[in-house]
Every structure is written in C-alpha cells, then in structure tokens.
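The structure appears below as structure tokens.
Per chain, numbering begins at 1; letters A, B, ... match sequence-line order. In this text, all values refer to a predicted model and were calculated from it rather than measured experimentally.
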Number of protein chains: 2
Amino acid sequence: MTETAPRPTLEAVAARAGVSRATVSRVVNGGDGVREPLVERVRKAVEELGYVPNQAARSLVTRRHDAVAVVVAEPETRVFADPFFALQLRGISKELTAHDNQLVLLLTEGRDDHARVGRYLAGGHVDGALVFSLHLDDPLPELIQRAAVPTVFGGRPGWSGDRQGVVYVDSDNRGGARDAVRHLVGLGRSRIAHIAGALDQTSAVDRLDGYRDVMVDGDPRLIVEGDFTPAGGERAMRELLARCPDLDAVFAANDLTASGALRVLRESGRRVPDDVAVVGFDDMLPVAEQSDPPLTTVRQDIEEMGRLMARLLLRGLDRHAGEQGIAAAPSSVVLPTTLVRRASA
Amino acid sequence: MTETAPRPTLEAVAARAGVSRATVSRVVNGGDGVREPLVERVRKAVEELGYVPNQAARSLVTRRHDAVAVVVAEPETRVFADPFFALQLRGISKELTAHDNQLVLLLTEGRDDHARVGRYLAGGHVDGALVFSLHLDDPLPELIQRAAVPTVFGGRPGWSGDRQGVVYVDSDNRGGARDAVRHLVGLGRSRIAHIAGALDQTSAVDRLDGYRDVMVDGDPRLIVEGDFTPAGGERAMRELLARCPDLDAVFAANDLTASGALRVLRESGRRVPDDVAVVGFDDMLPVAEQSDPPLTTVRQDIEEMGRLMARLLLRGLDRHAGEQGIAAAPSSVVLPTTLVRRASA
DNA sequence: CACCGGGGTGAGAGCGCTCTCACGAGCCCG
DNA sequence: CGGGCTCGTGAGAGCGCTCTCACCCCGGTG
C-alpha cells in the first residue's frame, strides 16, 4: 500500500537523450526509420529513467487499448463446478499475453449485470470481446451485437450460425458423442441410454444429436434429460433403471453426470462395466480419473479452445487495423474430440 | 466483428444541451453543484446521443483507472484443479463491480511472466493489485513491492507478516486444522495421522501447525508430506500404512489429498470411518460430496475471501484519494473456518 | 555545379477529458 | 440601497502520447 511515484514522461526521455519526443516515440514503438546511434541513446535514456509509456495517453490517440474483455455468464454454475473455465481462461491468457494484450474479466450475474456489460463494451474500453454464452435464451449476444464490438463466442451460441458474421469456437460435441456411442456399440452393447445435459445449452443438444445419429430408431425411453450435475445424473439414472431395467450402457452428457449415474448403478447392484458400461464427456480429470471405476470419456482440448478464441479475435482486430488486402474475416472453428478409454467402458 | 462507430464526445453533449463541457462533465460525474434544470437537459442529451465517457481521456488527467489487477501464479496447478480460484475470482469480481472497478486478470507462467507482470504493475495501468502468491520462494511479492502498487495478498505470503504494510486475507488454516483434529480426538481416535500439503505453501504449513497444536507429543511418523493432489494422497497414505498400520484416523491437508487416501484405504481393506476416520480440508464440493464415503472436511468461505480482498484494496485506494482523516491503513484479515460433518469421520 | 529526391528528424496539433479559475448573478447584511 | 458573499457556470490550460507535415541534409543525377 505504497504511494505511486511520479513517472517519467516521453518528454523527459527526449530531453535526456537530446532528441525530440517524436523520435523517442518512434524508438519505443519499434524504432523503424531511426538511425542506430539515436536508437541507442534513446534506449539508454529509457532504461535509466525507467520509462514506461502511459497507456491512457496512448489509447487516447490510437483508439486502441490492447485489451480484450472476457465475458462469462455467471449463472453457469457449471462454469464453477469444474476446471473448464479456468483452463479456457488460461488458454486465452496465454494467447493474449503473447500479443501484448490485457485480459479484462467480466463476470455477470443476472439481468442488471447484462446491462452493465453492454455499457462497458459499448464504452469502447476494449478492442474486442470473448464471450461465453451457452444458454439459448441469453440476452448477452443481443447486447453485444448492439455494442458493435468485435466478438468471438465460446461454444456455439444458441441462435445458431444463422446470423452472419458470428464467430465461435466449439468442441465437436456431436462428433464426440457419436464416438462415445459407437464405442459402446463396439463393445456389443445395444440398450444404450443417454442422460442428456440441460437442453437449453447447445452443447447438450449437440451431444444428444450425436447420440441419436448412432442410435437411429433407438428406444426413446432410453433418453432422459439431466442438468450436467451429479445430482441430476443420479436422478436420471434412477428413472432410467425404473423405465428400462435391461439397459446395458449409459452415455452421460458429462463426467459429473456420469459420476452420479455411477453411484446409482452401484447402489442398484449393477457392476460397471460388466453389467452396464458408462461413458462420460469432458474428461474432467479430478472426476473422471478419481471415479470408481475410472471413467471412459470424451476429451476436449479446453485450453486450446481458449487459445483459439483469442487468436481468432486478435486476427480479426488486425484486419481492422492493417487492412492488408481482403484477409477473410475469421470464421468459426470446431475442435475435434478424442475418446479416452478407462475402466468404465 | 463489426466496425466500431465514432462515439460522441463531451463536446457534442455540451453543444446539444446548450451548456459548456465543464457542466456536462460535472453532471456525468455526479452532478453536484449543478442546478436541476441544467442537470435534466444534460441527462437528456447524454441519453439521446448515447454518450459514454472515454476512459482513456479521463485516466489521462485523473491518474485513476478504476481497474485492479488480479495476479495469479500459474504454476499453482492446484488453482486449476479445483473451483477455488473461480470462487475467489467471483467474490473479487462482485466487490469490484459494486465499486465500478474493472478486473484485469494476469496469469503468470514462469520467470519471464514475472517480469512482464512487474512491468505491467509498475506501468501504472491499474490502481492496485490482488495477488495470489502462495509459495514461499515466490519472487512476485518482491517485484510488487518495487512496483509500488497498493496490493492485497490472497493467502498469507511466505515471508510472513514481518514486512510492514503487507496486507493479506487468509483462512484460519491453523484453527481449522485444530478443529479437524479435535473432532477426530472427540471420536475417540488416538493414532491420528496427517498428510500435509506441499510445505512450501503457507497454507500447508499452517495446517500442519494446527495438527501439531492438538497432537502435542504425537508420533512424528504419523506425519507425511503430500502435495495437495490425489496422487500425492495415495502415495502418502501407502507410506503411512506401511509405517503405522495401527493408525485409526487421517487428517488430510485438503480434500483432493483425502480422496487419494480414501482410495488407498479402501484397497487395503480398511473401512471408513469404522477402521479409519478421514477428515479433509477445503470442502471442495465435487470431491468432498461425491467421494465414497462423503468427506467430513473443513470449510472455508472462499468467495468471501475474494470479496474481502477487493474490499480491503479499495478501501486502501480510497484512503489515498480521500485523505479523510487518519483512516488506519487496512490490516490483514483471517477468516474463520467451519467443520462440515459427513460420513467419513 | 545546380537540382532533385528521399530518408531521418523535429515541431506542433490534437485525442477527450478534468479541474482550476475567473466571472456573473443573486442574496444577505449593514 | 450598496458592498461583500456565495453559488453556479464557462473558459481554457493541460494530462502524455501519436502522427502528420515541413524541414534539412545527404547523395545521385543532368
């Protein structure tokens, strides 16, 4: 809690180096077109004075902030129940750092906050935004569209790819689900149930679709909606067992759900994987690896998703600045998933 | 990815409202000392134009940014293995938002990043910093001290409270550990082991101290160092069983460690809690609640810790600005913990 | 040898805001 | 009824930086 000392300005550096402000500015910003001896002198002065450019002054004229907002809709309790969020953030952070951009974190919590975020983005405090908006009825995308800030979404937004110019990064939820179910089929299972996630989220819908892709003409009673939580998994599993005691496999929408299902299966006296094989989704380590038995699941490279989101955004930002030809606007990316085989299936 | 429109300036609002820039500025910043009719006119103009102040221009003159950096040392894999980090962040975010401050997230990863963070903080881009630095040998605190930025630490910093002016928020790790061990004693256990956390972190040291507070003259062979991970818990538990097969209770440094211990105990044929009672720490829900049996553990109010850190920092910032009397510099806070009884002990 | 051109450098005008002052009303008091 | 007050308002000077432009000094050319 110390008082901040007065910091040297460009002017001061210029005086010390015996050059003009303009020259110092040039050196500080790359040094192109300045002759070597001068560059050296300026560098020395910068060093000696411990000069650090004033970002506010710079932004004022450049209209650039080298900062990106990351918006996370809080009601996503899921976001806090697993390391998903943290990993993604790490990927984003790495990429932003590599390009000298700052990360401004905006966590929202209810309607009022949405307005706040909208105002902030519209306020032009950041160059772009990375938004996690997984619910179908989320008002955030709307606000962002109005704020006219370059944006990349994490996860396919609810209103689908219809609106033009919408860029997102997502895992191949549908393909991953297909792989999971196919794996179960390959194991000789035929009565394969699915505990879906909360179906107001695209990831849940996509995983369900993937399941259906494989289980064409499957028994609809084998599908129950969960909510991505262990408790939801338990509830759904009980219902499934009541409905179809003959099921021999379960594909759960995520690992948390699977862990709940596992518990109920154990209670009911079923052996996993002997009687019922179980596959999860996410490969959320503390859960998947520690569960009993360890969970076969679908892994998505979460950190890479984050990194990619940032990369896409920055690329888009460059386009605005550089205008180097018609570098196509970045388009959405869907990352592949991989099946991780453990003991449960 | 849309182009940002040119935004109205103070000047424009002034023109529309038929007043001077100064008056608009006054209204925008609270409206004190401006007569009602004018306030109204200005408000209307602001509304109609959709005016949002340019933060860069404002910062340039006020030297305030209304932004706080949150620095998280990445090597803390622990930080990403549980919702700890996310919860703390949520608490911080809430508090900052309530005071119209932005949250700039700085994740570090190795030495280079430390320098980067040091430069950033020294650059005066933010008004203060909240730093999570849990390792004893962390160079970050040093850098921060040099950057002369008001700072509040999350968790007691390694070099202890000796340096004056250091403010931190921590859980009562020692007290919580005492409660845990006393609970085991109350259960009639006497051969109580402790699997410590990584002892280069103050939280681990404090929990160990708490254990020792109760187990005075305890068998030193009952203490093994872990590393806060399930794998570490397994390893430590094996060693403990080999050393002291007669142990009847385990206090683990955190829930993850406890979950590893639980698995080894099960393997070894011990029943929990009948043969060996187990207590964890953190009350990290997905682990503590889902483990088998559910874990008795020590809960800390993580979100509150975050909120408190932010509050302390903002208060310190105010002091610098307001100078309202000798409002004592904020001092460190240690939050109480509570024992949560479940099935494992 | 005068001229032109180009690259390196400096001067200066803002970017949008806050804040200090000076100023002009009103008001109270003598 | 005039002199001081206060309160409300406007004018204007920066905050520290970037960027355009003019200038100057070269070397190469006609």
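Side chain of B/Asn101 to backbone of B/Val68: no donor-acceptor contact under 3.5 angstrom is found. Remark: the backbone N or O of A/Asp100 is not paired with any side-chain donor or acceptor of A/Asp66 at under 3.5 angstrom.
Evaluation of the side-chain contact (heavy atoms from CB on, under 4.5 Å) rule for A/Ala17 yields A/Val19, A/Val42, A/Ala45 as partners, not counting sequence neighbours. Scored by the side-chain contact (heavy atoms from CB on, under 4.5 Å) test, B/Val52 finds B/Arg7 as partners (sequence neighbours excluded). For B/Glu304, the salt bridge (charged side-chain N to carboxylate O under 4.0 Å, His left out) partners are B/Arg307, not counting sequence neighbours. Listed by chain and residue number, A/Arg21 satisfy the salt bridge (charged side-chain N to carboxylate O under 4.0 Å, His left out) test with A/Glu11 (two or more places apart in sequence, or in another chain). Under the rule for a salt bridge (charged side-chain N to carboxylate O under 4.0 Å, His left out), the partners of B/Arg311 that lie at least two apart in sequence or sit in another chain are B/Glu95. In this structure A/Arg116 satisfies the salt bridge (charged side-chain N to carboxylate O under 4.0 Å, His left out) test together with A/Asp113, sequence neighbours excluded.
Atom-to-atom distance recorded for A/Tyr51:OH and A/Arg16:CZ is 15.0 Å, nearest 0.5 angstrom. Put simply, CG on A/Leu105 and OG on B/Ser93 are 6.5 Å apart, with the number rounded to the nearest 0.5 Å. Note that CD1 of A/Ile92 and CG of A/Leu130 are 5.0 Å apart. Values are rounded to the nearest 0.5 Å.
Screening residues 30-46 of chain B for salt bridge (Lys or Arg N to Asp or Glu O under 4.0 Å) gives B/Lys44-B/Glu48 as the qualifying pairs, with residues at least two apart or on separate chains. The side chain to side chain donor-acceptor pair (under 3.5 Å) analysis of residues 118-132 of chain B, with sequence neighbours excluded, yields the pairs B/Arg64-B/Asp127, B/His65-B/Asp127.
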Task: Nucleic acid footprint by protein, nucleotides 16-27 of chain C - heavy-atom cut-off 4.0 Å, B for base, S for sugar-phosphate alone - done: BBBB--------
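From one end of the helix from C/dC1-D/dG30 to C/dG30-D/dC1 to the other, with five pairs defining each end axis, the axis direction shifts by 50° (rounded to 10°).
Between the CG atom of A/Asp32 and the P atom of C/dG7 there is a distance of 13 Å, rounded to whole Å.
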Distances under 3.5 Å only, N/O to N/O: pair up the protein atoms with those of nucleotides 23-28 of chain D.
none

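Using a 4.0 Å cut-off, no side-chain N or O of A/Ser20 falls inside it from OP1 or OP2 of C/dA11.
Residues from residues 34-49 of chain B with heavy atoms under 4.0 angstrom of DNA chain C: there are none.
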